[in-house]
Amino acid sequence: GENVEQHPSTLSVQEGDSAVIKCTYSDSASNYFPWYKQELGKRPQLIIDIRSNVGEKKDQRIAVTLNKTAKHFSLHITETQPEDSAVYFCAATHTPAQGAQKLVFGQGTRLTINP
Amino acid sequence: EAQVTQNPRYLITVTGKKLTVTCSQNMNHEYMSWYRQDPGLGLRQIYYSMNVEVTDKGDVPEGYKVSRKEKRNFPLILESPSPNQTSLYFCASIPSRGGRYTQYFGPGTRLTVL
């Protein structure tokens, strides 16, 4: 089955700097890679996702890149702000026609933005 | 308002006392899932359901049961809870059509088994 490894487990950056979180996956059949943000005491919420037919996707200060050959994908946050402090999870799954099934999550990265 | 609800939000119980955590969604989603979240381990899938009366094991199903008798409800049952099931539990639902696979998470249930 799929296995997702996420690094680093904790990350501390100065406000305004960039943050990068990396994930690797094992199943070459995986074709959908979402990223979730979980603020303290809250539920995870989708912030961006990418499919295997796309190499990069950007949404304002957040971008995700995917390298299918190396089986890794990364989350990039630019111009970080205090409200970016949270735990971030990557995930991978194969999405057949009937929809996502076994979404496998990484271990999470606790991102702290220092003012 | 489109949402996933879970009850109870907090529960402290004792070893061996059967409990049920309810999950309900009002978005008519076919797919629902249960996860447990533990520090350093991320979110691990317990069970999922593709539709009514269709359920399957996730990565950590031992000690748990589920049922899907109605589309909107997907309860998680712990027949004989043990301390290693102390965790934060999330229910989620996903639309299985339309090309989007966003998981809508419930607010979470923090379970402590003494």
Side-chain angles (χ1 to χ4, degrees), chain A residues 1-10 21-27 30-54 57 59 75 86-110, chain B residues 2-7 9-10 23 25 27-52 54-61 68 71 87-110:
Chain A
E2 177 64 275
N3 182 53
V4 178
E5 296 288 332
Q6 183 172 347
H7 300 280
S9 57
T10 60
I21 302 170
K22 299 181 179 181
C23 290
T24 60
Y25 62 99
S26 61
D27 189 351
S30 288
N31 60 356
Y32 176 66
F33 308 92
W35 285 88
Y36 285 82
K37 175 183 180 182
Q38 186 180 28
E39 297 176 349
L40 189 62
K42 302 285 184 65
R43 71 194 78 185
Q45 293 196 306
L46 180 75
I47 55 172
I48 195 167
D49 55 11
I50 191 168
R51 300 182 189 280
S52 58
N53 60 349
V54 175
K57 184 176 179 180
D59 183 2
L75 178 71
V87 177
Y88 291 81
F89 292 99
C90 62
T93 190
H94 172 60
T95 57
Q98 290 183 324
Q101 295 185 18
K102 294 187 67 174
L103 190 65
V104 179
F105 285 84
Q107 296 82 357
T109 296
R110 182 174 299 280
Chain B
Q3 60 181 347
V4 179
T5 57
Q6 290 178 231
N7 282 291
R9 295 290 313 281
Y10 303 91
C23 174
Q25 51 97 1
M27 296 168 280
N28 202 36
H29 290 167
E30 289 81 9
Y31 180 93
M32 298 185 74
S33 182
W34 274 103
Y35 297 90
R36 61 177 289 173
Q37 183 176 8
D38 302 289
L41 297 177
L43 290 135
R44 294 179 294 166
Q45 191 175 47
I46 303 170
Y47 269 94
Y48 62 95
S49 171
M50 294 296 290
N51 214 323
V52 176
V54 181
T55 64
D56 207 350
K57 296 177 180 179
D59 293 318
V60 289
R68 188 88 182 275
K71 199 172 189 179
S87 187
L88 178 59
Y89 292 86
F90 286 101
C91 178
S93 72
I94 311 175
S96 59
R97 299 184 181 87
R100 286 290 289 180
Y101 303 108
T102 303
Q103 299 228 3
Y104 292 84
F105 283 92
T109 295
R110 187 166 292 281

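Sequence lines set the chain letters: A, B, ... in the order given, protein chains first and strands last, and positions in each chain run from 1. Because only heavy atoms are used, hydrogens play no part in the values below, and waters and symmetry mates are left out as well, while side chains stay in. Predicted model only: the values in this text are computed from it and were never measured.
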- Item | Working for side chain to side chain contact (heavy atoms under 4.5 Å, CB included), residues A:Gln38 and B:Phe105 | CA-CA 11 Å; A:Gln38 186 180 28; B:Phe105 283 92; over 6 Å; no

Exercise. Just wondering, are more than 12 heavy atoms of other shown residues or ligands nearer than 6.0 Å to CD in B:Gln3?
Worked result: yes

Applying a strict 4.5 Å limit to non-hydrogen atoms, the region of A:Pro44 in contact with chain B is both

Applying a strict 4.5 Å limit to non-hydrogen atoms, the region of A:Gln6 in contact with chain B is neither

Scanning both residues in full, the closest heavy-atom pair of B:Leu43 with A:Phe105 reads O-CB, 3.5 Å

So, the part of B:Phe90 with a heavy atom under 4.5 Å from chain A: the answer is side chain

- Are B:Ser33 and A:Leu103 close enough that some pair of their side-chain heavy atoms sits under 4.5 Å apart? no

Here the gap from B:Leu88 atom CG to A:Arg43 atom CZ, rounded to the nearest 0.5 Å, amounts to 11.5 Å

- Query: Take atom CZ in A:Arg110; do more than 12 heavy atoms of anything else shown fall under 6.0 Å from it?
  - Reply: no

